[in-house]
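Presented below is the structure to which this report refers.
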Amino acid sequence: MELADRAVGFLLSVISLSMFTYYTFWVIILPFVDDDHFVHKYFLPKEYAILIPVSAGVALLCFFSIFVGFVMLKSKRKKA
C-alpha cells in the first residue's frame, strides 16, 4: 500500500508541476512572444488565463460553503 501511495503522490506532484509550468509560461512569458509565432497555437486565448482560475476559485468557494453549511446543519440536529 505504501508503494501505491507514493506513486499517487508522485503522479499528483507531476501533474501539479506541469500545470503550474504551463500556466506560468502562458501568463508570464507568452505575452512577450510575437503573435505570429507557432507556440501560440498550443495555448488558449489570453482571456481564459483569468477566466479559468477565477471560475475555478468561485466553484471551490461555493463547494466549501455548501460543505460548511451541511456540517453546521448536521451538528445543529445532533444538539437538538
Side-chain angles (χ1 to χ4, degrees):
M1 188 67 169
E2 181 179 323
L3 184 61
D5 289 343
R6 292 183 78 179
V8 169
F10 179 74
L11 182 65
L12 288 174
S13 297
V14 167
I15 290 171
S16 298
L17 183 63
S18 62
M19 286 175 58
F20 175 77
T21 304
Y22 179 86
Y23 186 77
T24 301
F25 187 79
W26 182 25
V27 172
I28 296 176
I29 297 173
L30 202 61
F32 297 108
V33 178
D34 293 332
D35 287 336
D36 58 344
H37 199 272
F38 75 93
V39 78
H40 279 277
K41 68 180 178 180
Y42 298 112
F43 296 93
L44 293 171
K46 296 173 189 171
E47 295 82 27
Y48 290 106
I50 300 299
L51 188 65
I52 291 172
V54 167
S55 55
V58 167
L60 185 65
L61 186 64
C62 288
F63 288 133
F64 180 71
S65 299
I66 291 170
F67 173 74
V68 168
F70 278 133
V71 168
M72 289 173 64
L73 286 174
K74 208 175 211 183
S75 71
K76 188 175 181 180
R77 286 185 196 152
K78 282 185 178 180
K79 288 182 181 179

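All values below come from the heavy atoms of this structure, side chains included, with hydrogens, waters and symmetry mates left out.
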(request) Measure centre to centre between the rings of Phe43 and Tyr48, then say whether the value is under 6.0 Å. (result) no
(message) Would you say Leu3 ends up clustered with Phe10 if hydrophobic residues are merged whenever their side chains have heavy atoms under 4.5 Å apart, either directly or through other cluster members?
(response) no
(message) Once you measure the plane-to-plane angle for Tyr23 and Trp26, does it fall in the parallel (<30°), tilted (30-60°) or perpendicular (>60°) bin?
(response) perpendicular
(message) Return the CG to CZ distance between Leu11 and Arg6, rounded to the nearest 0.5 Å.
(response) 14.5 Å
(message) Tell me whether Ser75 contacts the main-chain N or O of Met72 through its side chain, where contact means a donor paired with an acceptor under 3.5 Å.
(response) yes
(message) Could you see if Phe63 belongs to whatever hydrophobic cluster contains Phe67? Use Ile, Leu, Val, Met, Phe, Trp, Tyr and a side-chain cutoff under 4.5 Å.
(response) no
(message) Using a 6.0 Å cut-off, check whether atom CD1 of Ile50 has over 12 heavy atoms from anything other than its own residue.
(response) no
(message) Tell me whether His37 contacts the main-chain N or O of Leu30 through its side chain, where contact means a donor paired with an acceptor under 3.5 Å.
(response) no
(message) Could you report the tightest heavy-atom contact between His40 and Val33, atom names first, then the distance?
(response) NE2-O, 3.4 Å
(message) Membership question, hydrophobic clusters at under 4.5 Å side-chain separation (ILVMFWY): are Met19 and Leu12 in the same one?
(response) no
(request) Verify the cluster assignment for Ile15 and Ile52: are they in a single hydrophobic cluster under the rule of side-chain heavy atoms below 4.5 Å apart? (result) no
